[in-house]
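One-based numbering along the sequence shown.
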Amino acid sequence: MHVDTLILGAGAAGLFAAAHCGGRTLIIDHAKAPGEKIRIAGGGRCNFTNLHAAPENFLSANPHFCKSALSRYTQWDFIDLVGRHRIPWHEKTLGQLFCDNSSKDIIEMLLTEAQDADLRLRTKASQIEKTPEGFRAHLDPGGPVTARHLIVATGGKSIPKMGATGFAYDIAQQFGHQLTETRPALVPLTFGDQMKARFAGLSGLATSARVTCNGTAFDEGLLFTHRGLSGPAILQISSYWREGDQIAVTLAPDTDIQGTLKTRRQSHGRTSLSVALAEILPKRLAEDAVARADLTGNLADQSDAKLAVLADAIRDWQVTPTGSEGYRTAEVTLGGIATDDLDARTMESRLVPGLFFIGEAVDVTGWLGGYNFQWAWSSGWAAGAEIAQRLR
């Protein structure tokens, strides 16, 4: 069997590349259904892009690498495509766009766009090698296949229960490419027994917070779990955190806690301190903060100095995670195939002509909120458009 392009991986990047390659294209995936990560994304409604997608929302050893693909196929291009397929969508906070109905709408759109490609599921590739004409691989089932171009879109290591592996990294190294360190990203953080016991008593509570680590801060929701901390602010900062690093948590970051309590003291001095604080923070969290500040009594019993101590404890909370929940729950993989030997315009290998790496497998990792899907669309388009140009 011979094709113009063989694509490994029927996820977001692979399907989108297939929609733009032209010629005879074969997509294979070991999963039983295409776009499995799309299906579960955004609680089943797929946060498919972000209005604010820009290079500064991505991490990479080379922060400039993503600029070309993101500028040549933008969030507005994808939003236009969604509109042409009449998929209803809505904006949530911070520019995040979700399907009104289901993630399946995006999967069906991609399959429609790539309908000229041959999609084979429950199929694995092995014995991949370079030939003078292109590439040869053995498919199981299917036997040998040759292709002029090979696109690797098998993703990273995150969520192994869905079949994620390091296959893309193996192929990259086979052909002489280097890897940057890979680690779980957009992942909840875990703590030692003492902190874990404290958080267990607050498990299930969500509140607004500013979380800071290594000079980067995110103002988003924070969630207490029986294992540690989660929520958007923690998932975001996990991409910047390393073992041994301390993170700073500021609860109710937009509230003047001391000023609010002083004002409340003037009019409702008989209110207990924990009840007054519960107007700012969730009740259990307010009670925990008051207890840890070793304060008792009503508002009228508290001096300005005591209120300042309580406010400072809430606004300057330093904790040191012991780890993360790992690839099991990580939304993406940080790091990956080094960009040094990839063409930023086309995603093609500089070492092996005709070999392309796209999507999560590459050392480009977006923030939480649709950015990683936009990288899948942009990088997939870049590779597909380049191959289509060559086939004309």
Asker: Rest of the hydrophobic cluster containing Leu368 (Ile/Leu/Val/Met/Phe/Trp/Tyr, side-chain heavy atoms under 4.5 Å)?
Answerer: Leu186, Leu235, Val332
Asker: Test of understanding: with salt bridge (charged side-chain N to carboxylate O under 4.0 Å, His left out), list the residues that count as partners of Arg350, not counting sequence neighbours.
Answerer: none
Asker: Looking only at heavy atoms, which two atoms of Leu205 and Pro282 are closest? And how far apart?
Answerer: CD2-CB, 3.9 Å
Asker: What pairs of donor and acceptor atoms, side-chain ones from residues 197-204 against any protein atom, are under 3.5 angstrom apart with sequence neighbours left out?
Answerer:
residue, atom, partner, partner atom, Å
Arg198, NE, Asp288, OD2, 3.2
Arg198, NH2, Asp288, OD2, 2.8
Ser203, OG, His226, N, 3.4

Asker: Counting only heavy atoms not in Lys104 (residues, nucleotides, ligands), do more than 12 fall under 6.0 Å from its NZ?
Answerer: no
Asker: Do Leu351 and Ile358 belong to the same hydrophobic cluster, where Ile, Leu, Val, Met, Phe, Trp and Tyr are linked whenever their side-chain heavy atoms lie under 4.5 Å apart, directly or via other members?
Answerer: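 Yes.
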Asker: Using a 3.5 Å distance criterion without hydrogens, assess whether the side chain of Ser379 forms a donor-acceptor pair with backbone atoms of Gly359.
Answerer: yes
Asker: Tracing side-chain links under 4.5 Å among I, L, V, M, F, W and Y, which residues wind up in one group with Tyr327?
Answerer: none
Asker: Could you work out, with side chain to side chain contact (heavy atoms under 4.5 Å, CB included) as the rule, every residue matching Asn50, not counting sequence neighbours?
Answerer: His52, Gln96, Tyr371
Asker: To the closest 0.5 Å, what do you measure between CH2 (Trp367) and CZ (Phe58)?
Answerer: 10.0 Å
Asker: Indicate, with yes or no, if Phe224 and Val211 share a hydrophobic cluster defined by side-chain heavy-atom contacts under 4.5 Å among Ile, Leu, Val, Met, Phe, Trp and Tyr.
Answerer: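 Yes, Val211 and Phe224 fall within the same hydrophobic cluster.
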Asker: For Ile387 and Ile151: C-alpha separation, side-chain torsions, deciding distance, then whether side chain to side chain contact (heavy atoms under 4.5 Å, CB included) applies.
Answerer: CA-CA 10 Å; Ile387 291 173; Ile151 298 179; 3.6 Å; yes
Asker: Might you point out which heavy atoms bring Ala289 and Leu277 nearest each other, and give the distance in Å?
Answerer: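 Nearest heavy atoms, Ala289 then Leu277: CB-CD2, 4.0 Å.
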Asker: May I ask you to check whether over 12 heavy atoms, not counting those of Asp100, lie within 6.0 Å of atom CG?
Answerer: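 Counting other residues, nucleotides and ligands, CG of Asp100 exceeds 12 neighbours.
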Asker: Is there a donor-acceptor pair closer than 3.5 Å between any side-chain N or O of Arg183 and the backbone N or O of Thr333?
Answerer: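 Looks like no, no N/O pair under 3.5 Å.
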Asker: Is there a chain of hydrophobic side chains (I, L, V, M, F, W, Y, each step under 4.5 Å between heavy atoms) that links Leu273 to Val309?
Answerer: no
Asker: Short question: side chain of Thr131, backbone of Gly134 - any donor-acceptor pair under 3.5 Å?
Answerer: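 Yes; judged by distance alone, with no hydrogens or angles, the pair exists.
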Asker: Leu121 and Ala33: which non-hydrogen atoms are nearest, and at how many Å?
Answerer: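 In terms of heavy atoms, the two residues are closest at CD1-CA, 3.8 Å.
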Asker: I want to know whether Phe78 and Phe16 have ring centres closer than 6.0 Å.
Answerer: yes
Asker: Is there a continuous path of hydrophobic side-chain contacts, each under 4.5 Å between heavy atoms, that joins Val187 to Met195?
Answerer: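 Different clusters: Val187 never reaches Met195 through Ile, Leu, Val, Met, Phe, Trp or Tyr contacts under 4.5 Å.
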Asker: Less than 4.0 angstrom from a charged side-chain N to a carboxylate O is my criterion; do Lys157 and Glu360 meet it?
Answerer: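 Looking at Lys157 and Glu360, the cut-off is not met.
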Asker: Does Gly323 offer a backbone N or O that forms a donor-acceptor pair with the side chain of Thr190 under 3.5 Å?
Answerer: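 Side chain of Thr190 to backbone of Gly323: a pair is present.
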Asker: Keeping the roles fixed (side chain from Ser272, backbone from Val275), state whether a donor-acceptor pair exists under 3.5 Å.
Answerer: yes
Asker: Judged by atom type as modelled, is there a donor-acceptor pair below 3.5 Å linking the side chain of Arg24 to the main-chain atoms of His2?
Answerer: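 Yes, because the side chain of Arg24 sits within donor-acceptor range (under 3.5 Å) of the backbone of His2.
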Asker: Return the set of residues passing salt bridge (charged side-chain N to carboxylate O under 4.0 Å, His left out) with Glu129 (not counting sequence neighbours), or none when no residue passes.
Answerer: Arg136
Asker: Is it the case that the side chain of Asp105 and the backbone of Ile107 share a donor-acceptor pair, with hydrogens and angles ignored and the cut-off at 3.5 Å?
Answerer: no
Asker: Under the side chain to side chain contact (heavy atoms under 4.5 Å, CB included) rule, collect the residues that match up with Ser303, sequence neighbours excluded.
Answerer: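 Residues passing side chain to side chain contact (heavy atoms under 4.5 Å, CB included) with Ser303: Ala305, Lys306.
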Asker: Any side-chain donor-acceptor pair under 3.5 Å between Glu113 and His85?
Answerer: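 Yes, side-chain donor-acceptor contact under 3.5 Å.
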Asker: Hey, does the side chain of Thr25 reach the backbone of Ala117 with a donor-acceptor pair shorter than 3.5 angstrom?
Answerer: no
Asker: So which atom in Ala286 and which in Ser274 form the shortest heavy-atom distance, rounded to 0.1 Å?
Answerer: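 Where Ala286 meets Ser274 most closely, the heavy atoms are CB-O, 3.8 Å.
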Asker: If you apply the rule side chain to side chain contact (heavy atoms under 4.5 Å, CB included), what do you find for Leu81 with Tyr73, and how did you get there?
Answerer: CA-CA 11 Å; Leu81 178 63; Tyr73 192 90; 4.1 Å; yes
Asker: With rounding to the nearest 0.5 Å, note down the distance linking CG in Leu51 to CD in Gln374.
Answerer: 10.5 Å
Asker: For Glu386 and Met347, what are the C-alpha separation, side-chain angles and deciding distance, and is it a side chain to side chain contact (heavy atoms under 4.5 Å, CB included)?
Answerer: CA-CA 9 Å; Glu386 174 65 17; Met347 310 304 297; over 6 Å; no
Asker: Ignoring hydrogens and geometry beyond distance, is a side-chain donor-acceptor pair present between His138 and Ser126 at under 3.5 Å?
Answerer: no
Asker: Going through the distances and angles, do Lys37 and Glu331 end up as a salt bridge (charged side-chain N to carboxylate O under 4.0 Å, His left out)?
Answerer: CA-CA 9 Å; Lys37 277 194 175 181; Glu331 296 199 16; over 6 Å; no
Asker: Which heavy atom of Thr182 sits nearest to which heavy atom of Gly336, and what is that distance?
Answerer: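 Looking at all heavy atoms of both residues, the shortest contact is CG2-N, 3.5 Å.
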Asker: Working note: Val364 + Asn62, criterion side chain to side chain contact (heavy atoms under 4.5 Å, CB included); need CA distance, chi angles, decisive distance, verdict.
Answerer: CA-CA 8 Å; Val364 175; Asn62 178 2; over 6 Å; no
Asker: Look up atom CD in Gln389 and atom SG in Cys21, then write down how far apart they are to the nearest 0.5 Å.
Answerer: 13.0 Å
Asker: Do Leu307 and Leu281 sit in the same hydrophobic cluster, where Ile, Leu, Val, Met, Phe, Trp and Tyr count as joined when their side-chain heavy atoms come under 4.5 Å apart?
Answerer: yes
Asker: Residues in side chain to side chain contact (heavy atoms under 4.5 Å, CB included) with Lys124, at least two apart?
Answerer: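 Only His30 meet the side chain to side chain contact (heavy atoms under 4.5 Å, CB included) criterion with Lys124.
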Asker: Donor-acceptor pairs are to be reported for all side-chain atoms of residues 160-179 against protein atoms at under 3.5 Å, with residues two or more places apart or in another chain.
Answerer:
residue, atom, partner, partner atom, Å
Thr165, OG1, Phe167, N, 3.2
Gln174, NE2, Ile128, O, 2.5
His177, NE2, Ser349, OG, 2.7

Asker: Just jot down the salt bridge (charged side-chain N to carboxylate O under 4.0 Å, His left out) partners of Arg210, sequence neighbours excluded, or say none.
Answerer: Asp219
Asker: I'd like to know if the side chain of Asp77 reaches the main chain of Thr74, judged simply by a donor and an acceptor atom lying under 3.5 Å from each other, with no hydrogens or angles considered.
Answerer: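 Yes; at least one donor-acceptor contact below 3.5 Å.
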Asker: Going by the rule salt bridge (charged side-chain N to carboxylate O under 4.0 Å, His left out), which residues pair with Arg227 if we only count those two or more places apart in sequence or in a different chain?
Answerer: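 Arg227 satisfies salt bridge (charged side-chain N to carboxylate O under 4.0 Å, His left out) with Glu325 once adjacent residues are dropped.
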Asker: Using side chain to side chain contact (heavy atoms under 4.5 Å, CB included) as the criterion, list what pairs up with Arg86, not counting sequence neighbours.
Answerer: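 Partners of Arg86 under the side chain to side chain contact (heavy atoms under 4.5 Å, CB included) test: none.
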Asker: Are Phe48 and Trp377 an aromatic pair by the rule of ring centers under 6.0 Å?
Answerer: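 No.
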Asker: In Å and rounded to the nearest 0.5 Å, what is the CD1 to CD distance from Ile234 to Glu220?
Answerer: 11.0 Å
Asker: Test your reading of the model: is there a side-chain donor-acceptor pair from Asn298 to the backbone of Gly269, 3.5 Å cut-off?
Answerer: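 No; judged by distance alone, with no hydrogens or angles, the pair does not exist.
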Asker: List the atom of Thr216, the atom of Ile237, and the distance in Å for their closest heavy-atom pair.
Answerer: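 Heavy atoms of Thr216 and Ile237 come nearest at O-CD1, 3.3 Å.
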Asker: For the OG1 atom of Thr180 and the CG atom of Asp363, what is their distance to the nearest 0.5 Å?
Answerer: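 Answer rounded to 0.5 Å: 3.5 Å.
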Asker: Measure the CD-SG distance between Gln246 and Cys213 for me, rounded to the nearest 0.5 Å.
Answerer: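 Result: 9.0 Å between the selected atoms.
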